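Here the structure comes first, spelled out in structure tokens, and everything after it is commentary.
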Amino acid sequence: MLFSQALETLQDFKPDDFSKLSDLLEPELIEQCLQDTGVTTVRKRRLPMDLMVWTVVGMALFRDMSMRQIVSHLDLMLPGQRPYVAPSAVVQARQRLGSDVVKLMFERTNALWFDKLPTSNWNGLSMLAVDGTVWRTPDTPENDENYGRTVNGSKPSDYPQVRMVTQMEVSSHLTTGAVFDSVDVNEMVLAAQLIENTPDHSLTLFDKGFYSLGLLHAWQSKGEQRHWLIPVKKGTQYKVLRSFNDDDRIVELKLSPQARKKWPQAPSSIQARLVSKKINKKQVDVLTSMVNVSRYPQEDIVELYTHRWEIEQGYREMKQYMLSNELTLRSKRPELVTQELWGILLAYNLLRYMMAQMAYSLKDVEPYQISFKQASVYLVGQLHMFAHVSPGNLPKIFKNMMDMASAFVLPERRERSYPRSIKKRPSRYPTRPPSKPAAR
């Protein structure tokens with residue numbers, strides 16, 4: 001049985017609120033993406049392009065396998081005289097596939113997922129978070145020239161690196177958008193590329209590193225009810241226009257001349273809401289575009305920012321758990337690096353969607369309360385077996401998968417504090433231990 005065919009049969013065991021998984025992963029969708037990107041082959045190859053899409057997904061799901069093992073183990077090649085596919089043939093097939101097909105698959109499945117999956121909702125707004133991360137690529141001349149390296153002091157990093165900025169729905173952890181480029185490109189430049197696909201009636205949570213009045217104005221003015229929330233940076237200058245109480249005010253913020261050059265469509269100043277609250281005896285100030293006081297109550301706004309941590313958890317789930325801390329990507333060429341990254345995002349969303357099915361099959365459980373570490377090991381283990389399971393036994397396996405959902409529910413999160421501390425600078429010379437006092 002093909003890996004893709006096994007995944008399609010998940011449609012038989014889903015809560016009623018979910019559409020068929022084949023609507024997202026059916027061969028017709030893959031074929032349409034291949035045609036729309038101009039990647040079609042008339043001649044039947046050992047590695048046809050539609051099955052190579054699953055190979056790219058398998059690269060992320062089965063991190064401990066080589067490319068040849070993934071193709072052979074998942075039964076992704078056409079019948080032939082030879083029992084294996086040469087490694088060079090896999091690389092050539094990936095090159096023929098390119099990255100545009102996998103990107104389009106991510107975008108189209110993501111659009112269907114986001115529309116049909118129950119998502120977080122606060123006063124009619126779905127909650128999203130935006131943040132950036134860096135991926136390490138193999139040390140090849142092509143990757144080095146295309147992506148560059150970060151510099152710590154005067155020493156460059158050991159590997160070329162890709163900068164990625166993603167947008168994630170905080171409840172399901174589904175990645176709703178992503179852009180990546182050279183590590184030399186600023187995160188705010190990449191974040192601006194997410195504006196076009198940001199859904200209406202949403203609230204996006206930003207880290208203070210994304211503070212740019214031009215970016216924030218463009219974010220909220222592009223669509224309908226596209227709000228943002230961000231912590232106030234130290235030294236931010238503003239003028240109070242209206243005060244509802246000491247902790248809730250409407251303020252005016254002026255764009256600098258440099259910001260006006262970068263964002264020529266932005267006004268000279270914007271209005272925002274400044275909300276303050278003491279949390280653990282510490283003053284927390286946030287700015288937001290939600291200026292309607294009657295619709296968006298002050299008591300909840302500062303607490304909303306704590307949900308931004310979910311995207312940090314998402315990056316950890318991708319790198320630490322799904323990729324087993326193998327932080328260097330496989331691909332030695334920039335085009336294949338891009339393809340691999342889209343495959344990682346597609347595979348992550350696939351696992352997260354399956355976990356959402358588990359969560360919503362239970363009562364009062366949100367998808368982020370399902371342990372990604374434990375559930376992903378279990379789900380990937382089940383997928384490992386699909387190629388060797390007869391179709392008649394699949395219904396029992398999928399029922400068992402849903403029955404296991406309660407075993408992966410996390411306990412309630414504990415409040416933890418990790419204050420910053422200044423560590424002692426290490427010495428270049430060995431330190432002699434203190435001598436013991438002489439006995440009397």
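Remember, predicted model here, so these are calculated numbers, not experimental data. Note that these values count all heavy atoms, side chains included, but never hydrogens, waters or copies made by symmetry.
- Residues Tyr360 and Glu366 form a side-chain contact, since some pair of their non-hydrogen atoms from C-beta on lies under 4.5 Å apart.
- The two atoms that bring Leu205 and Leu304 nearest to each other are CD1-O, 3.5 Å, heavy atoms only.
- In this structure a side-chain-to-backbone donor-acceptor pair under 3.5 Å is present from Gln339 to Arg94.
- Using a 4.5 Å heavy-atom cutoff, the side chains of Pro267 and His217 are in contact.
- Enclosure of atom NZ in Lys332 is not indicated, since only 12 or fewer non-hydrogen atoms of other residues, nucleotides or ligands lie within 6.0 angstrom.
- Judged by distance alone, with hydrogens and angles left aside, the side-chain atoms of Tyr147 form a donor-acceptor pair with the main-chain N or O of Pro334 at under 3.5 Å.
- A distance-only check finds a donor-acceptor pair linking the side chain of Thr198 to the backbone of Leu194 [under 3.5 Å].
- Taking a 6.0 Å sphere around NZ of Lys262, one finds it holds 12 or fewer heavy atoms contributed by other residues, nucleotides or ligands.
- Side chain of Asn349 to main chain of Leu174: no donor-acceptor pair is present (N/O by atom type, distance under 3.5 Å, no hydrogens or angles).
- The pair Arg330-Glu326 fails the salt-bridge criterion, with no side-chain N (NZ, NE, NH1 or NH2) lying under 4.0 Å from an Asp/Glu carboxylate O.
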Practice prompt. Could you walk me through whether Asp131 and Arg308 pass salt bridge (Lys or Arg N to Asp or Glu O under 4.0 Å), step by step?
Written response: CA-CA 9 Å; Asp131 203 1; Arg308 195 203 67 81; 3.1 Å; yes
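- The pair Glu317-Arg352 counts as a salt bridge, with a side-chain nitrogen and a carboxylate oxygen less than 4.0 angstrom apart.
- Under the 3.5 Å distance criterion, with hydrogens and angles disregarded, a donor-acceptor pair is assigned to the side chains of Ser294 and Asn292.
- Using a 4.0 Å cut-off between a side-chain N of Lys or Arg and a carboxylate O of Asp or Glu, Asp144 and Arg149 qualify as a salt bridge.
- Annotation: Tyr348 is in aromatic contact with Phe372 [ring centroid separation under 6.0 Å].
- The two residues Ile370 and Ala359 have their closest heavy-atom pair at CG1-CB, 3.9 Å.
- Lys222 is linked by a salt bridge (Lys or Arg N to Asp or Glu O under 4.0 Å) to Glu196, counting only residues two or more places apart in sequence or in another chain.
- For CD of Gln95, the number of neighbouring non-hydrogen atoms (other residues, nucleotides, ligands) closer than 6.0 Å is greater than 12.
- Using a 3.5 Å distance cut-off with no hydrogens or angles, the side chains of Thr338 and Glu335 do not pair a donor with an acceptor.
- In this structure, the side chain of Ser331 does not engage the main chain of Arg333 through any donor-acceptor pair within 3.5 Å.
- Within the 3.5 Å criterion, the main-chain N or O of Asp300 finds no donor-acceptor partner in the side chain of Glu303.
- Annotation for Phe210 and Ile230: closest pair C-CD1, 3.8 Å, computed over non-hydrogen atoms.
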Practice prompt. Walk me through it: do Ser269 and Glu252 pass the test side chain to side chain donor-acceptor pair (under 3.5 Å)?
Written response: CA-CA 7 Å; Ser269 64; Glu252 180 183 57; 3.2 Å; yes
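- The backbone N or O of Pro160 sits less than 3.5 Å from a side-chain atom of Thr137, completing a donor-acceptor pair.
- In terms of heavy atoms, Leu351 sits closest to Ser376 at CD1-CB, 4.1 Å.
- Once rounded to the nearest 0.5 Å, the distance linking CG of Leu253 with OG of Ser268 reads 11.5 Å.
- The shortest heavy-atom contact between Gly343 and Val56 is CA-CG1, 3.7 Å.
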Worksheet item: Would Ser221 and Arg226 satisfy side chain to side chain donor-acceptor pair (under 3.5 Å), going step by step from the backbone distance to the final call?
Response: CA-CA 7 Å; Ser221 59; Arg226 295 188 187 180; over 6 Å; no
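- For the pair Ile250/Phe244, a side-chain contact is recorded, criterion being any heavy-atom separation below 4.5 Å from C-beta on.
- Aromatic ring orientation, Phe206 versus Trp219: perpendicular (interplanar angle above 60°, classes split at 30° and 60°).
- Distance alone, capped at 3.5 Å, is enough to place a donor-acceptor pair between the Glu169 side chain and the Ser171 backbone.
- Between Gln193 and Val165, every side-chain heavy-atom pair lies at or beyond the 4.5 Å cut-off.
- Between the side chain of Ser182 and the backbone N or O of Val185, no donor-acceptor pair lies under 3.5 Å.
- In this structure, Val134 and Arg163 have side chains that are in contact, with non-hydrogen atoms separated by less than 4.5 Å.
- Around CG of Asp246, the count of heavy atoms belonging to other residues, nucleotides or ligands within 6.0 Å does not exceed 12.
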Worksheet entry | Check against side chain to side chain donor-acceptor pair (under 3.5 Å), Thr175 and Gln167 | CA-CA 6 Å; Thr175 303; Gln167 185 181 65; over 6 Å; no
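- Looking only at distances, a side-chain donor or acceptor of Trp228 sits under 3.5 Å from a matching main-chain atom of Leu216.
- A 4.5 Å side-chain heavy-atom check between Ser202 and Leu125 finds every atom pair outside the cut-off.
- The number of heavy-atom neighbours closer than 6.0 Å to CD of Gln283, taken from other residues, nucleotides and ligands shown, is above 12.
- Within the 4.5 Å cutoff, the side chain of Lys254 has no heavy atoms near those of the Tyr238 side chain.
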Item to complete: Take Trp135 and Tyr315 through the test ring pair (Phe, Tyr, Trp, His ring centres under 6.0 Å) and record every step on the way to the result.
Response: CA-CA 11 Å; Trp135 295 87; Tyr315 283 140; 7.6 Å; no
Worksheet item: Passes side chain to side chain donor-acceptor pair (under 3.5 Å), Thr328 versus Arg136? Steps please.
Response: CA-CA 5 Å; Thr328 303; Arg136 203 164 62 191; 2.8 Å; yes
Worksheet item: Stepwise, does the ring pair (Phe, Tyr, Trp, His ring centres under 6.0 Å) test hold for His227 with Tyr296?
Response: CA-CA 11 Å; His227 292 291; Tyr296 306 115; 5.4 Å; yes
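- Side-chain contact between Lys319 and Asn325 is absent, with no heavy atoms from C-beta onward closer than 4.5 Å.
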